[in-house]
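Single-structure report; data block below.
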Amino acid sequence: RGAPAIWFSQKKSIGHTLFRIFFSFLPPKFTTLNTKINQRGTPDMKNKIVALWSIGYVCKVLKGFGHIAGLWTAFWKPTTAAPKEDVNVLIGILKYPPDFTGAGQRIHQLYQHLKQKGIHRVYVLTTSPGNFNYRKEEINGIKVMFLGNNQFIQPQSAFIEKLRKVWYILLTSFQVCIIFKEYSKSIDVVHTIDSSWLSTLISYLAYFSKKPLIKEIVLLGSDDPLTLKKKILGKLFLFPFHYARQIIVISEALKKACLSAGIPESKIWCRHNPVYDLNTGDAPIQSYFTREAVEKKILWVGRITPRKNV
C-alpha cells in the first residue's frame, strides 16, 4: 500500500481532487479522520495518510465484492448429478395445436411417442392467435401453457402495428420468465423450435439456468443463421446456435445454411419430417408402398422450393 501512497502524494493537484471527491462518498468515520488530518500535519503527510486509508478502504470493498463473486460462482457452478430415469422437457414454440401449424403438430406427435419411451413430463410454452388470456391445457398428456392472444405472429408492415408487436413481446417476455422460473427445477432439457423471439428468449433462459438446449429450425429464409445475420438484432438470435448441444434441421438446405454460417457439422442432425398415424389397419405398411403404388398414387401439393426438398 506504500508505493501507491507515495505516487499519489507526488501528484498533488490530481491527488487532492481525487481524494476530495472520494471522501465525499466515504462513511462518517473516514470524514472525521480527514478533518483531523487537516488540523494536524503537513500537506505532504496529509496526502500520504489519506491515500493509505483510501486504498485500504477500497481493498475492503473489493474484498467484499470478492466474497459476493465467490458465492455467485458457487451458485452457478454446475453440479454433477446422477442420471435420471425420468426426463422432463420444456418445449418453446410460437404456434402449437390446436392452432393450425405443421411444425407444432409434428412436435406434438413426436413427444406423444417419446412419452412412451421414457420422457416423463412435457411442458410447452407457446402463444396463440385465439382471443383468450393466459391459460393452461393438457393435450394427450402434454401440459401446454398458452401465453395469450398473439395477433402479431406474422411480420408487421405498418409502424403502429410494429410498436404494438414490440409492446406485446415485452409484456409476454416477463410472463415467460416467471413461468420458466416456476418450472426450472423440474426441467432437464429445453427444446426450442424455430428462431422466433419466444424460442430465442427461452434459449437464453436455458443458458442462464444451465439447462441443456436442443434447437430445431424448420423454415429456410426465416430460421436459418444466414437469414438471421441480416437482421438488426441478428447476433442476439444467433447465440442459441452456439449454446445448443444439438441443432436439428429438417432438410439438407437448412443443414447447408448452418454449415455456411460456421456451425460445426458435429452439432447438426438432419432429421427429415416423419410420417405419423398412417391408417393402414392390420396390413403391413410395406404393402402400401410398393414401387408401383408410389409411382401412381403419391401426389405433391405445394411449392417446389429448396427448403421443401422436392
Side-chain angles (χ1 to χ4, degrees), residues 68-69 71-79 81 87-96 101 103-104 107 111 121-128 134 143-148 150 152-153 155 162 165-219 222-249 254 257-258 261-264 267-269:
I68 294 172
L71 292 172
W72 181 271
T73 305
F75 179 78
W76 285 106
K77 185 178 180 181
T79 55
V87 178
N88 301 328
V89 180
L90 174 72
I91 300 170
I93 185 171
L94 200 60
K95 292 181 68 178
Y96 196 80
T101 161
I107 292 297
Y111 276 96
R121 291 192 183 93
V122 180
Y123 308 99
V124 179
L125 267 175
T126 184
T127 64
S128 173
Y134 171 70
K143 189 173 184 178
V144 185
M145 291 163 277
F146 293 96
L147 298 169
N150 185 2
F152 312 102
I153 290 180
K162 286 182 179 180
K165 182 173 183 177
V166 170
W167 181 246
Y168 170 81
I169 291 174
L170 289 175
L171 291 179
T172 310
S173 295
F174 284 109
Q175 191 178 17
V176 171
C177 293
I178 293 170
I179 295 171
F180 190 94
K181 185 176 183 300
E182 180 184 351
Y183 288 92
S184 61
K185 290 184 179 180
S186 60
I187 296 170
D188 301 303
V189 180
V190 176
H191 182 184
T192 63
I193 295 88
D194 65 50
S195 295
S196 64
W197 63 268
L198 177 61
S199 298
T200 303
L201 173 61
I202 293 173
S203 299
Y204 275 94
L205 294 175
Y207 167 74
F208 287 121
S209 58
K210 307 296 182 184
K211 303 292 183 184
L213 173 66
I214 299 172
K215 182 172 180 61
E216 184 167 344
I217 55 176
V218 297
L219 187 59
S222 177
D223 296 338
D224 63 278
L226 290 180
T227 303
L228 295 172
K229 279 184 177 180
K230 300 174 184 177
K231 291 188 176 183
I232 297 175
L233 300 176
K235 289 185 178 180
L236 291 177
F237 289 89
L238 287 173
F239 174 76
F241 285 90
H242 300 288
Y243 174 65
R245 295 190 182 183
Q246 185 81 62
I247 298 171
I248 302 176
V249 297
L254 281 168
C258 290
I263 297 172
K267 288 181 64 172
I268 305 170
W269 177 27

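With sequence neighbours left out, the side-chain hydrogen bond (donor to acceptor under 3.5 Å, both in side chains) criterion links Y204 to no other residue. Judged as a side chain to side chain contact (heavy atoms under 4.5 Å, CB included), and not counting sequence neighbours, the contacts of S222 are L219. By the side-chain hydrogen bond (donor to acceptor under 3.5 Å, both in side chains) test, T192 is found to be paired with no residue, residues two or more places apart in sequence or in another chain being considered. Applying the side-chain hydrogen bond (donor to acceptor under 3.5 Å, both in side chains) criterion to Y123, with sequence neighbours excluded, gives no partner residue.
Across every non-hydrogen atom of H191 and V89, the tightest pair is CB-CG1, 4.2 Å. The minimum heavy-atom distance between F241 and S195, with the atom names listed, is CZ-OG, 3.9 Å. The shortest heavy-atom contact between T127 and Y168 is CG2-OH, 3.6 Å. When all heavy atoms are compared, the tightest approach of H242 to L238 is CD2-O, 3.3 Å. Residues P225 and I217 share a closest heavy-atom pair of CD-CD1, 4.5 Å. For the residue pair F180 and A206, the shortest heavy atom distance occurs at CZ-N, 3.9 Å.
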Show the numbers, then the answer: is there a side-chain contact (heavy atoms from CB on, under 4.5 Å) between S203 and V190? CA-CA 8 Å; S203 299; V190 176; over 6 Å; no
side-chain contact (heavy atoms from CB on, under 4.5 Å) between L90 and K211, intermediate numbers included: CA-CA 10 Å; L90 174 72; K211 303 292 183 184; over 6 Å; no
Evaluate I107 against V124 for side-chain contact (heavy atoms from CB on, under 4.5 Å), listing each step before the verdict. CA-CA 10 Å; I107 292 297; V124 179; over 6 Å; no
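Atom OG of S196 and atom CG of L201 lie 9.5 Å apart (nearest 0.5 Å). With rounding to the nearest 0.5 angstrom, the CG atom of L254 is 11.0 Å from the CD1 atom of I247. The CD1 atom of I91 sits 10.0 Å away from atom CD1 of I214, with the distance rounded to the nearest 0.5 Å. How far CD of Q246 is from NZ of K215: 13.5 Å, rounded to the nearest 0.5 Å. Between the CH2 atom of W197 and the CG atom of L236 there is a distance of 14.5 Å, given to the nearest 0.5 Å. Residue I169 holds its CD1 atom at 13.0 Å from CZ of F174, rounded to the nearest 0.5 Å.
A distance-only check finds a donor-acceptor pair linking the side chain of N88 to the backbone of R121 [under 3.5 Å]. Proximity of a side-chain donor or acceptor of K95 to a complementary backbone N or O of G104 within less than 3.5 Å is not detected.
In this structure the side chain of L94 never reaches within 4.5 angstrom of the side chain of S199, judged on heavy atoms. Proximity of F146 to T126: side-chain heavy atoms (C-beta onward) are separated by under 4.5 Å at one or more points.
The side-chain contact (heavy atoms from CB on, under 4.5 Å) with L198 is formed by just one residue from the set T172, V176, I93; it is V176.
Here side chain to side chain donor-acceptor pair (under 3.5 Å) pairs that include residues 173-184, with residues two or more places apart or in two chains, are K136-Y183, K143-Y183.
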Pair up each side-chain donor or acceptor in residues 226-234 with any protein partner under 3.5 Å, not counting sequence neighbours, and list the distances.
| from | atom 1 | to | atom 2 | distance (Å) |
| --- | --- | --- | --- | --- |
| T227 | OG1 | D224 | OD1 | 2.8 |
| T227 | OG1 | D224 | OD2 | 3.0 |

